[in-house]
Amino acid sequence: MDASPSAPAATRPGRAAPRAAAPAGPPRPALEAPTEPVVPDRPSLDGLEDTWAARWDADGLYRFDRSAERAHVYSVDTPPPTVSGSLHVGHVFSFTHTDTVARYRRMRGYAVFYPMGWDDNGLATERRVQNFFGVRCDPSVRADPDFAPPESPPKDPVPVSRPDFVQLCHRLTAEDERAFEATWRHLGLSVDWSLMYTTVSDEARRISQRGFLRLLAQGHTYLAEAPTQWDIDFQTAVSQAEMEDREISGAYHRLRFGRDGHEALEIETTRPELLPACVAVVAHPDDARYAPLFGTSVTTPLFSVRVPVLAHPLADPDKGSGVAMVCTFGDVTDVTWWRELQLPTRTLVGRNGRLHPVAWGDPGWESDDAAGARAAYGELEGRSVTQARKRIVELLAEAGALVGEPRTITHPVKFYERGERPLEIVSSRQWYVRTMPLRPRLLERGRELRWHPPHMVHRYESWVEGLNGDWNISRQRFFGVPFPVWYPVDGEGEVDYERPLVPVEARLPVDPSDDVPDGYRQDQRGIPGGFVGDPDVMDTWATSSLTPQIAGRWEDDPDLFGRVFPMDLRPQSHEIIRTWLFSTVVRSELEHGVLPWSDVAISGWVLDPDRKKMSKSKGNVVTPMALLEQHGTDAVRYWAACGRPGVDTAFDEAQMKVGRRLAIKVLNASKFALGRLAGAPIPDAGAVVAPLDLAMLSGLAAVVEDATSAFEAYDYARALERTETFFWSFCDDYLELVKTRAYEDSFAPGPVSARAALAVALSVQLRLLAPFVPFVTEEVWSWWHEGSIHRAPWPGVDELSPAQHQGDVAVLDMVASVLGAVRKAKADAQVSMRAPVATLSVLDSPERLALLRQAEPDLCDAGGVAELVLREGAPEVIVDLA
RNA sequence: GGGCGUUUAGCUCAGUUGGUUAGAGCAGCUGGCUUACAACCAGCAGGUCGGGGGUUCGAGUCCCUCAGCGCCCACCA
């Protein structure tokens, strides 16, 4: 509701009581007096984007006022788009939603902190750089001071050094970012470009590294050698949040395990190639079939390795034969069994996805037939997982250890979301953030957040509840934020991972592959008694989880940070709740002990007309700039703003055409209204006395209240819908009804009332529409105001006084319905709407006729009615055309 | 397997605590150059509100159940 202290909390019969006192907001901006209207002869939408975007920039219109106190600040944790190509229509959609909210808050008087960031850190960028230039990062290549990328991408990628590769990343992202910014300006996003940040900048790297060091100092992060989900193509570890299931085809292979003096034990597996890595077989503790075997051992075929038969509740009696073989590591269940049953480790698959050499017969690789195992493994070693699978099936069949034919199935397998081959689990050393102990707290925090729409909280909760391990933040990649850590090398040349060397915060950002830890010299790198730098970079989310801190310049500018953090709004799409939203909550909780924002607004996806998510791979992506130029920005924004919060919305050019019509209507209706106001001082709302005018303003007051409460609830779409509906009936009915009276060259109360009502109604409606169609409303506002509409106050019902106390909406409704009957009669008679009506007879109740009497002349003028007869009777309208 | 959302006119969608004959836009059809707007205006037609059951004086709205579609999560041998 209106926060202005001058706004009377008036209650009227039949209207809901004012809502509970709004939280202390900023003072309402003053509404400047209009100037003499100057209306173009032929108003047009063409070129408005360029004109006004340049003007807003020159005027610093959206500059954040950093002197504002926290209670008067509205801060937005804008999602930084990934710089790996181009923006798409989904960005336009969701960023428009946020922009309408930011514009609303600004008009409410808030100092809006609305930055833009570019996420140019990470694998997506590496991939784009590789393809764009035709290069491949090879850390073993030495940096070339005269390095230049190939003129055009060659067939075979050119290996380049890590520093040169990173330079190319910077170069390409900088180009992309310029194009992105141009698109956003054309879209009219009201961001403060002086707050722009990138996730690979020195500032972002400093904050990211500082955040890591704080986690380390407080024991929230640790280094561990452990089974790790590994992408064999990208050659990097992957966290749970970056994994997805894909249904692929596989096959059950039934294998025969030897038992001394007994019939063979049959087990089924989809990964027979991991048989050499088998460390146990398990069955369910309650499975009577296998209970006698618990505690005994069986022997693997081909490799003759004795493995124990163990009981574990995760074994499913209904799956396969009810016995599973445990390998290190075939899947995450193997990891669980390995950990909980304290099984030995026999790793097979290397980081390149091939089976590495194994010392059969040595400790850890004992076999009853080491020579046989060596021979069998010789057929597999060096092969890829799929090749090895094919070969071992042949070997098993030859050995008579394969029962029947493999049964083809389709089953879900874990993939890296960007990857092309199934993830393998390898043992590796990684940095982890302790999220598991935090889960109950994180669930509480999730419930404290205000979610828009509310049901999105379920996605967060199911994610947190389903976490199965701490957050792995190490990535074995090149273009990212390095870990600010070195390790001492002892006299034997062994790296001591237990005592990492860290820099003081004042040194950040550092690159440990280039910089030297305090107390060491560069020539001690990699030698006994010296040091080595941590070779990895952080997970992209380890940096992106700090966007509130980066945008708010945490520690670098404490005054600013104190005014914007915790932030008010996190806008984002639902697909990254488990990554960006979750990780941001984690970091804020660990570092600051608070939620990073009070509200989160989740936008839906843009679907193509076939109801599929729009994506590049389907080739159905329309570039935003082309769209904006074709339909006009306001039209595209209108389409976007019609998409309900959190609801997937069809890409619909027809809806953009509707938006364009609305924008044109705003021009034309304004031209009409303001044309009547030229040449004399514009009367204010106090001059509105005609019942029809008061009725219209009363209706508008209800729209203002509705639009305001909708925006407060982040339902921009409802605010637009209510405003738009009113605006069209305002044009179709009210403007037609008052046209004649407003044209009258007179200062009698009637004509003055009409002109005052037009001025007030236009002013209020333009401001209600400004967050949605910022260009056309600014254009029209400029015809009769000095300043920008986007710094004008959001309308309050007090502006429509005294109308809200005296108006009766029923007057306008009644008159409009009779006018509608007149129009229908003319349409039925196939005559012009201008055709005269000799006699218009209205039969109705005395009460309704009384409503009509209050606007008799307006009705007759609008309908071309010569004689109006009002009679009591059963409701009927008789139109007697001349 | 668990969960969330969704299903209203040919299409895209409103429908806020249950309350007259269920609304809008687009597309369609019929007319109209009307000094704000022909990039316009007026009018018409079009729906057993996914199926079934229940609560109620009254259900698109609340409850149960089934189905379709979409998504999220899951230990996937």
Side-chain angles (χ1 to χ4, degrees), chain A residues 39 42-45 245 247-248 250 252-253 267-271 274 281-282 312-316 319-327 330-337 409 411-414 453 455-468 574-575 577-578 604-605 607 609 611-613 639 642-644 646-655 657-658 660-676 706 709-710 713 715 717-718 721-722 724-725 728 731-732 735-736 739 743 819-820 822-835 864:
Chain A
V39 183
R42 184 93 186 128
S44 163
L45 299 177
D245 286 356
E247 292 279 341
I248 63 168
Y252 275 121
H253 303 76
I267 68 109
E268 288 203 326
T269 178
T270 55
R271 302 210 51 186
L274 293 181
V281 297
V282 294
H312 194 280
L314 277 184
D316 184 349
K319 222 170 255 179
S321 62
V323 191
M325 78 175 186
V326 184
C327 305
D331 61 25
V332 290
T333 316
D334 280 344
V335 176
T336 305
W337 282 324
I409 55 161
H411 62 155
V413 173
K414 294 269 182 237
H455 69 256
M456 288 293 177
V457 72
H458 297 299
R459 304 207 175 191
Y460 174 85
E461 290 185 338
S462 63
W463 171 251
V464 175
E465 285 163 0
L467 284 175
N468 57 26
H574 47 63
E575 70 207 356
I577 287 174
R578 70 175 186 173
W605 281 339
L607 307 176
R611 310 299 302 175
K612 295 281 190 292
K613 188 195 175 190
W639 158 75
C642 285
R644 263 40 210 185
V647 176
D648 293 346
T649 300
F651 178 76
D652 186 358
E653 295 197 77
Q655 198 68 358
K657 292 187 175 129
V658 174
R660 188 171 178 86
R661 270 178 14 110
L662 173 66
I664 292 171
K665 198 72 172 178
V666 168
L667 285 179
N668 288 321
S670 301
K671 177 184 165 190
F672 166 74
L674 293 175
R676 305 281 65 72
D706 218 2
S709 54
D715 192 349
R718 179 178 171 81
E721 186 191 41
R722 292 284 284 128
E724 183 200 9
T725 301
W728 279 104
C731 291
D732 295 344
L735 286 188
E736 293 300 326
K739 194 179 275 186
Y743 266 110
L819 182 60
V822 172
R823 285 170 177 158
K824 177 166 163 49
K826 291 180 180 179
D828 287 348
Q830 304 201 342
V831 297
S832 161
M833 284 300 132
R834 263 188 109 188

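Order of the sequence lines fixes the chain letters, A, B, ..., with proteins taken first and strands second; residue numbering starts at 1 for each chain.
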Participant: Rounded to whole angstroms, how far apart are NE2 on A:H458 and P on B:rC4?
Facilitator: 6 Å
Participant: At under 4.0 Å, does any side-chain N or O of A:R660 touch on OP1 or OP2 of B:rC26?
Facilitator: no
Participant: What's the gap between B:rG19 and B:rA59 when it is taken at their P atoms, as a whole Å value?
Facilitator: 11 Å
Participant: Pick the closest RNA chain B nucleotide for A:D715 and for A:C731 by heavy atoms, then say which residue is nearer the 5' end.
Facilitator: A:D715
Participant: In whole Å, what is the span from the CZ atom of A:R644 to the P atom of B:rU7?
Facilitator: 12 Å
Participant: Assign A:T336 to base, sugar-phosphate, or nothing according to its heavy-atom contacts below 4.0 angstrom with the strands shown.
Facilitator: nothing
Participant: What's A:K665 touching, base or sugar-phosphate or nothing? Going by heavy atoms closer than 4.0 Å.
Facilitator: base
Participant: Please state whether the phosphate of B:rA77, meaning OP1 or OP2, lies under 4.0 angstrom from any side-chain nitrogen or oxygen of A:H411.
Facilitator: yes
Participant: The side chain of A:N668 lies closest to which of these nucleotides: B:rC37, B:rA77, B:rC71?
Facilitator: B:rC37
Participant: Quick one: is A:N468 getting a side-chain N or O under 4.0 Å of the B:rA74 phosphate, OP1 or OP2?
Facilitator: no
Participant: Side-chain contact, heavy-atom cut-off 4.5 Å: A:L735 with A:F672?
Facilitator: yes
Participant: In whole angstroms, how far is the C1' atom of B:rU30 from the NZ atom of A:K826?
Facilitator: 18 Å
Participant: Look at the rings of A:W605 and A:H574 and say which category their plane angle falls in: under 30° parallel, 30 to 60° tilted, over 60° perpendicular.
Facilitator: tilted
Participant: With a 4.0 Å limit, can you tell me whether A:K319 has a side-chain N or O closer than that to the phosphate oxygens OP1/OP2 of B:rA77?
Facilitator: yes
Participant: Hey, does the side chain of A:R661 come within less than 4.0 Å of B:rC40's phosphate (OP1/OP2), counting only N and O?
Facilitator: yes
Participant: Checking contacts here: which listed nucleotide (B:rG70, B:rA74, B:rA77) is nearest the side-chain heavy atoms of A:D648?
Facilitator: B:rG70
Participant: Can you tell me the distance, in whole Å, between the CZ atom of A:R578 and the P atom of B:rC4?
Facilitator: 19 Å
Participant: With C1' as the reference atom in both, quote the distance from B:rA45 to B:rA67 in angstrom, rounded to an integer.
Facilitator: 32 Å
Participant: What nucleotide among B:rC40, B:rC26, B:rG43 has an atom nearest to a side-chain atom of A:V658?
Facilitator: B:rC26
Participant: Considering only the P atoms, how many Å lie between B:rG51 and B:rU61, rounded to the nearest integer?
Facilitator: 10 Å
Participant: Rounded to whole angstroms, how far apart are NZ on A:K657 and P on B:rG25?
Facilitator: 18 Å
Participant: Nearest to the side chain of A:I664, which nucleotide is it out of B:rA39, B:rA14, B:rU16?
Facilitator: B:rA39
Participant: Which one, B:rC75, B:rA77, B:rC4, comes nearest to the side chain of A:T333?
Facilitator: B:rC75
Participant: Choose from B:rC44, B:rA42, B:rA77 the nucleotide whose nearest atom is closest to any side-chain atom of A:K824.
Facilitator: B:rC44
Participant: Tell me which nucleotide among B:rA77, B:rC26, B:rC71 gets nearest to the side chain of A:A315.
Facilitator: B:rA77
Participant: From B:rC73, B:rU34, B:rC71, pick the nucleotide closest to the side chain of A:R834?
Facilitator: B:rU34
Participant: How far, in whole Å, is B:rG1 from B:rC62 if one measures between their C1' atoms?
Facilitator: 30 Å
Participant: Report the nucleotide, chosen from B:rA14, B:rA77, B:rG32, that has the shortest atom-to-atom distance to any side-chain atom of A:S832.
Facilitator: B:rG32
Participant: Is A:K739 near enough to B:rU35 that one of its side-chain N or O atoms lies under 4.0 angstrom from OP1 or OP2?
Facilitator: no
Participant: Roughly how many Å apart are B:rG46 and B:rU8, using the C1' atom of each and rounding to a whole number?
Facilitator: 14 Å
Participant: Please give the distance between the C1' atoms of B:rU30 and B:rU7 as a whole number of Å.
Facilitator: 34 Å
Participant: How far, in whole Å, is B:rA24 from B:rA42 if one measures between their P atoms?
Facilitator: 13 Å
Participant: Quickly work out the A:L314 CG to B:rG1 C1' distance and round it to whole Å.
Facilitator: 15 Å
Participant: How is A:E247 classified with respect to the nucleic acid when contacts are heavy atoms under 4.0 Å: base, sugar-phosphate, or nothing?
Facilitator: nothing
Participant: If you only use heavy atoms from C-beta on, which nucleotide in B:rA77, B:rU16, B:rU34 is closest to the side chain of A:D316?
Facilitator: B:rA77
Participant: A:E461 CD to B:rC73 P: how many Å, rounded?
Facilitator: 14 Å
Participant: Looking only at atom C1', what distance separates B:rU48 and B:rC33, rounded to whole Å?
Facilitator: 43 Å
Participant: Checking A:K665 side chain against A:W728 main chain: does a donor-acceptor pair fall under 3.5 Å?
Facilitator: no
Participant: Could you state the atom-to-atom distance from NE2 of A:H574 to P of B:rC4 in whole Å?
Facilitator: 16 Å
Participant: Would you call A:R718-A:E721 a salt bridge at under 4.0 Å N-O?
Facilitator: no
